[in-house]
Amino acid sequence: MAFYDSDVSVMIDSATVEARVRELGVQIARDYQGKDLTLIGILKGSVFFTTDLARAIDLPLTVEFLGVSSYQGGTETTGEVRITSDLTKPMAGKHLLIVEDIIDTGLTMKFLLENLSARHPASLKICTLLEKPSRARTTVPIDYKGFVIEDKFVVGYGLDFDEVYRNLPFIGVMKGK
Ligand code: 5GP
């Protein structure tokens, strides 16, 4: 019995996640052929996805991480986002691909698009593992998407509940939430 068995049920199993990440990698490699690609992983949730995705892209590329935190008003995000750990290099002229774990209301991604486009990249696109469209409060253009999910609180493969469960190899749902 694994430590999470009593709290978490599987929504998307690890083989399905791995296969989809590989497909996204192939698609991204095709689209960025001959370009100077930089993956911007958003801390901490997308660390696992970013490292797997990077290994699935058969191109020379750079990996950077950007830390953000959103202010919560009760259980809802207020849309106010703060950078907790910034990129260390200039991004002007680079082809940036934001790698995010989940787009929920879209407010974090809206902030990231505004913030990163102000650094004058050659291009700026979005790759998210998960999207919860039923919760969207703003529209963001998603270029690469792993899975569309229903409005459930998910954990695993980088996603946490109180900082725990990030290391589950699958996407799970908290039982009773
Ligand atoms: P948004 O600004 O799109 O509402 O929120 C994006 C962030 O909220 C994600 O990067 C993630 O940190 C968090 N989030 C949204 N939905 C979930 C969820 O179902 N599970 C977990 N663990 N985090 C979520």
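Both counts, for ligands and for their atoms, begin at 1 and track the order of listing.
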By number and element, which atoms of ligand 1 are closer than 4.0 Å to a non-hydrogen atom of Thr105? 1 (P), 2 (O), 3 (O), 4 (O)

With a cut-off of 4.0 Å, which atoms of ligand 1 are near a heavy atom of Thr108? 1 (P), 2 (O), 5 (O), 6 (C)

Looking only at N/O atoms, are Val155 and ligand 1 under 3.5 Å apart anywhere? no

Distance-only donor-acceptor check, side chains Ser69 and Arg82, under 3.5 Å: yes

Under the side-chain hydrogen bond (donor to acceptor under 3.5 Å, both in side chains) rule, collect the residues that match up with Asp58, sequence neighbours excluded. none

Does the pair Lys175/Asp5 count as a salt bridge with the N-to-O cut at 4.0 Å? no

Using a plain distance cutoff, I'd like to know if Phe161 has any nitrogen or oxygen under 3.5 Å from a nitrogen or oxygen of ligand 1. no

Between Tyr144 and Ile28, is a side-chain contact (heavy atoms from CB on, under 4.5 Å) present by the stated rule, with each step listed? CA-CA 8 Å; Tyr144 305 96; Ile28 291 166; 3.8 Å; yes

Is there a path of hydrophobic side-chain contacts, each under 4.5 Å between heavy atoms of I/L/V/M/F/W/Y residues, joining Ile83 to Leu116? yes

In chain order, what residues pass the side-chain hydrogen bond (donor to acceptor under 3.5 Å, both in side chains) check against Tyr165, with sequence neighbours excluded? Asp7

State the atoms of ligand 1, each with its element, that fall below the 4.0 Å cut-off from a heavy-atom position in Leu159. 21 (C), 22 (N), 23 (N)

Give the contacting part of Arg135 toward ligand 1: side chain, backbone, both or neither, where contact means a heavy-atom distance below 4.0 Å. neither

Closest candidate by heavy atom, reference atom 24 (C) of ligand 1, pool Asp101, Asp151, Ile102, Asp104: Ile102

Does Phe3 share a hydrophobic cluster with Phe161, counting links as ILVMFWY side-chain heavy atoms below 4.5 Å and allowing steps through other members? yes

Under 4.0 Å from a heavy atom of Gly106: which atoms of ligand 1 are those, numbered in the order shown and with their elements? 1 (P), 3 (O), 4 (O)

Atoms of ligand 1 close to Glu100 [distance to a heavy atom under 4.0 angstrom, numbered from 1]: 10 (O)

Residue-ligand contact Lys152/ligand 1, heavy atom below 4.0 Å: yes

Under a 4.0 Å threshold between the charged nitrogen and the carboxylate oxygen, would Glu64 count as salt-bridged to Lys89? yes

Does Met109 approach ligand 1 within less than 4.0 angstrom via side chain, backbone, both or neither, non-hydrogen atoms only? neither

